[in-house]
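Reading through the structure tokens given below for one structure.
Positions are given from 1, in the same order as the sequence printed here. All values below come from the heavy atoms of this structure, side chains included, with hydrogens, waters and symmetry mates left out.
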Amino acid sequence: MSRSKLLQSLLILAGLGAFAAPANAQFFFFDPPPPAPEPRMAPEPRMAPPPRRQPRVVRRDDDDDPGVVVDLQSGGAIYREPGVDAPQRGARGANYAALPPDADPNYSTPVDFDGQVNFKLTTQKTVSDPTGEAAGTVTVNTRQRKLYYSLGGGQAVQYSIAVGKAGFAWKGAATIGRKAFWPGWTPPKEMLQRHPDLPEHMEGALNNPLGARALYLFQGKTDTLFRIHGTNEPKSIGTASSSGCIRMHNADVIDLYGRVAAGTKVVVM
């Protein structure tokens with residue numbers, strides 16, 4: 001190579017040095033790899049749903065379908081017995097009261113609505129006893145829809161009742177294992193599934209489906225979950241409309257409550 005061509009080559013190489021690649025430059029003799037994926041952002045944490053209100057720890061009470069129940073959620077004395085005037089303005093719906101000594105405090109409410117019960121709304125009458133049972137026995141005739149309290153001497157007190165509708169009837173012998181004064185009401189889960197708008201528990205009140213009193217039927221030490229109780233649906237008396245329980249007018253169940261004690265024999269036929 002001539003001297004002039006060598007000098008020309010050196011000048012060209014020197015010029016290329018001005019555009020030298022940076023130290024971290026990479027050269028590939030094939031297609032470059034795909035770019036690294038962008039880091040995925042962690043999803044924003046979801047807002048935890050508000051905690052569900054825990055139900056009161058209450059004992060299962062009754063398996064009776066509610067009838068004409070007005071504003072159950074309020075638990076107030078909204079229902080009014082037929083034939084009873086509305087309380088005067090400013091008057092309290094109920095008076096707090098000591099429970100009767102035979103009332104189970106776990107199932108009773110220490111209020112007294114008896115003054116708002118229409119005691120003329122009654123079916124009570126003394127008749128010849130058709131049951132043949134000993135004095136002091138309660139007999140429920142579901143076919144006649146009558147309840148008898150045997151007095152002895154061939155006499156009985158007769159009351160009209162509502163009984164279990166088709167598929168809910170219950171028959172057998174039992175005893176009164178518990179008595180309740182203005183009973184509280186706790187619908188069982190099966191009823192809450194049928195009526196999801198019902199409250200989890202309701203204290204004793206005029207609009208409570210159990211009415212003024214409740215008598216709880218046991219077989220030995222086992223609660224049958226069937227009751228004899230009052231009602232806030234007086235028009236149902238004489239029909240087959242409950243979920244197996246025996247409904248009475250409030251005046252009638254108050255009268256029966258005063259006649260029987262825990263351990264009283266009950267025959268449902």
Is there a path of hydrophobic side-chain contacts, each under 4.5 Å between heavy atoms of I, L, V, M, F, W or Y residues, that connects [X] with [Y]?
X	Y	value
Ile228	Val260	yes
Val127	Met269	no
Phe218	Leu210	yes
Ile161	Leu256	yes
Ile254	Phe113	yes

Return the minimal non-hydrogen interatomic distance between [X] and [Y], and the atom names on each side.
X	Y	answer
Gly204	Thr109	N-OG1, 2.8 Å
Tyr216	Ala180	CE1-CB, 3.5 Å
Ala173	Gln219	O-NE2, 3.1 Å
Ser150	Ala156	CA-CB, 4.1 Å
Val84	Gln116	CG2-O, 3.7 Å

At what distance, to the nearest 0.5 angstrom, does [atom1] of [X] lie from [atom2] of [Y]?
X	Y	atom1	atom2	value
Met248	Ser236	CE	OG	12.0 Å
Leu151	Thr137	CG	OG1	11.0 Å
Leu217	Thr222	CG	OG1	13.0 Å
Asn232	Trp185	CG	CH2	9.0 Å
Leu147	Arg247	CG	CZ	15.0 Å
Arg178	Ser108	CZ	OG	9.5 Å

Residue pairs meeting salt bridge (charged side-chain N to carboxylate O under 4.0 Å, His left out), one or both in residues 120-144, sequence neighbours left out, come to Glu133-Lys265
If we check side-chain contact (heavy atoms from CB on, under 4.5 Å) with His249, which of these qualifies: Asn118, Thr122, Thr123, Val117?
Thr123
If we only count heavy atoms from C-beta on, is the Glu203 to Val111 side-chain gap below 4.5 Å?
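Side-chain contact under 4.5 Å: no.
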Looking at side-chain heavy atoms only, is the closest gap between Asp114 and Trp182 below 4.5 Å?
yes
Using the side-chain contact (heavy atoms from CB on, under 4.5 Å) rule, take Asn207 and Met202 through it: C-alpha gap first, then chi angles, then the decisive distance, then the call.
CA-CA 10 Å; Asn207 57 329; Met202 182 182 181; 3.2 Å; yes
Can you check whether [Y]'s main-chain N or O pairs, donor with acceptor, with [X]'s side chain at less than 3.5 Å?
X	Y	value
Asn208	Pro183	yes
Asn250	Thr231	yes
Thr264	Ile176	no
Thr142	Val163	no

Indicate yes or no: does Arg213 engage Asp255 in a salt bridge with an N to O separation below 4.0 Å.
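Here Arg213 does not pair with Asp255 in a salt bridge, since their nearest N and O are not under 4.0 Å apart.
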Can you name the salt bridge (Lys or Arg N to Asp or Glu O under 4.0 Å) partners of Lys146, sequence neighbours left out?
none
Who are the side chain to side chain contact (heavy atoms under 4.5 Å, CB included) partners of Pro100, not counting sequence neighbours?
Asp102, Ala103, Phe181, Tyr257
